[in-house]
Protein chains: 2
Amino acid sequence: MTTDTPTQQTVEWLTAEQQVHWRSFRGGAARLFAALEHELEQQTGLSTHEYEVLVRLSETPDRTLRMAQLADNLAHSRSRLTHTIRRMEEQGLVSRLPCVEDARGVNCTMTEKGWQTLVAAAPSHVQSVRDHLVDVLTPAQFAALGDAMETVRLHLTGGACHVE
Amino acid sequence: MTTDTPTQQTVEWLTAEQQVHWRSFRGGAARLFAALEHELEQQTGLSTHEYEVLVRLSETPDRTLRMAQLADNLAHSRSRLTHTIRRMEEQGLVSRLPCVEDARGVNCTMTEKGWQTLVAAAPSHVQSVRDHLVDVLTPAQFAALGDAMETVRLHLTGGACHVE
DNA sequence: GGAGTGTAGTACAACTTTGAACTAACAGTT
DNA sequence: AACTGTTAGTTCAAAGTTGTACTACACTCC
């Protein structure tokens, strides 16, 4: 959009250059995530959300996380996570158990099938990430991308939530 | 996930450093887009998709685009765009007219109300983008981000679709 | 030990997105 | 003109997502 709105008070518009960068970012990210989603779905039947759930669980000592931790890590709403985990439970990838320390809580554990599914899916997903992102950029570019987005993330989460 | 899969053939895993960058990127981008979506929704009632539709239309001489062009620009599926435009038409933001040159086609035009809606929404959205992205980074960082994602985008679209 | 407040997770209903199937129209061939 | 293949856009049903409301438990502090 290019317009002069003379009555605007304090908004500082983006420069033409900034607009170009912003669009590249938005468009590139959207297409990248869509491509990764599609390839993972085709090759393994998993959505990237399900894949990420498995990854998080796989990184804990007992392959278990509380629902809320999982939701925070993934930046998903509680409601959305409940649905995702229910579906994954139906597929036998995870199982839910009441939490002993806090009777309100629910522990979500990765099953052996979930683990096998992740091990089977990881190579092709990693390859996709390489193909469309990592290997397309120079190492310095990729590092700069990561650093910049880490700054953005920290700013958004108020410095908390170092996990994701 | 950290595992050694001895039987894997040719997959090159990400280094620890690359994994960190990849997660920062994924997590930062997800949170950023979610935040922008929320703020735009709260402040104007528009979704970012609807906003983007209006932006694209506003940039053409006659505030009109074919459905397919719109879908390509936004990297949305045809089906999704049909739904979005139907909803926007119900709100009076756009209108659809059969295309004269190609009787299969449909021209989507921005109404005056659509234009006014965009003009009213733009300042706060621009401010959000500044607050959470542009002003959080150094100009060099932001430019590098844009350049990197442009490279990613071009790679994904095979160099075509310069518009987005 | 009971009231009030906050947190964990689920259920529900409305809405959005997806992918496949479908209709209509163009374009090239013979 | 009929035949084939392609493109434009919509429709349909299934699946996913959202926000709110709800239940259950925990924490505090009087």
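Keep in mind that what you see is a predicted model, and the values were worked out from it rather than measured.
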Check the distance between [N]'s [atom2] and [X]'s [atom1] and give it to me in whole angstrom.
X        : N      : atom1 : atom2 : answer
B:Arg104 : C:dC22 : CZ    : C1'   : 16 Å
A:Gln42  : C:dG19 : CD    : C1'   : 11 Å
A:Met88  : D:dG16 : CE    : P     : 12 Å
B:Ile85  : D:dG9  : CD1   : P     : 11 Å
A:Glu101 : D:dC27 : CD    : P     : 12 Å
B:Leu81  : C:dT17 : CG    : P     : 11 Å
A:Gln69  : C:dA8  : CD    : P     : 10 Å
A:Arg80  : C:dA14 : CZ    : P     : 22 Å

For this session: Have a look at B:Arg66 and say if it touches a base, only the backbone sugar-phosphate, or nothing, with a 4.0 Å heavy-atom cut-off.
Result: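 Here B:Arg66 touches the backbone only, sparing every base.
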Exercise. Within the structure shown, what part of the strands sits under 4.0 Å from B:His76 by heavy-atom distance: base, sugar-phosphate, or nothing?
Worked result: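 Result for B:His76 = nothing.
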Exercise. Nearest to the side chain of B:Asp102 - C:dG9, D:dC25, C:dA25?
Worked result: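 The answer is C:dA25.
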For this session: Kindly point out which of D:dC25, D:dA8, D:dT17 is positioned nearest to the side chain of B:Arg78?
Result: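 Closest nucleotide to the B:Arg78 side chain: D:dA8.
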Exercise. So does A:Ser79 reach the base of D:dG19 with its side chain, donor to acceptor, closer than 3.5 Å?
Worked result: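 Flag set: donor-acceptor pair detected.
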Problem set entry | B:Phe33 and A:Trp22 aromatic ring geometry - parallel, tilted or perpendicular at 30°/60° bounds |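 Plane angle between 30° and 60°, so tilted.
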[X] side chain near [N] phosphate (N/O to OP1/OP2, under 4.0 Å):
X       : N      : value
B:Arg96 : D:dT10 : yes
A:His38 : C:dT18 : no
A:Arg87 : D:dG16 : yes
A:Arg86 : C:dT10 : no

For this session: Map B:His49 and A:Thr82 onto DNA chain C by nearest heavy atom, then report which one ends up closer to the 5' terminus.
Result: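 That would be A:Thr82.
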Exercise. Do we see a donor-acceptor contact under 3.5 Å between the side chains of A:Gln69 and A:Asn73?
Worked result: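 Short answer, no.
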For this session: For B:Val106 and for A:His83, find the nucleotide of DNA chain D with the closest heavy atom, then tell me which residue's nucleotide is more 5'.
Result: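 Taking each residue's closest nucleotide, the earlier one in sequence belongs to B:Val106.
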Exercise. If you look at every heavy atom in B:Pro123 and A:Trp13, which pair is closest and at what distance?
Worked result: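 Taking every non-hydrogen atom into account, N-CH2, 4.1 Å.
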Exercise. Would you call B:Glu37 and A:Arg26 a salt bridge, taking side-chain N to carboxylate O under 4.0 Å as the test?
Worked result: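 Salt bridge absent between B:Glu37 and A:Arg26.
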Exercise. Do A:Glu90 and A:Arg87 meet the salt-bridge criterion of a basic N to acidic O distance under 4.0 Å?
Worked result: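 No salt bridge links A:Arg87 with A:Glu90.
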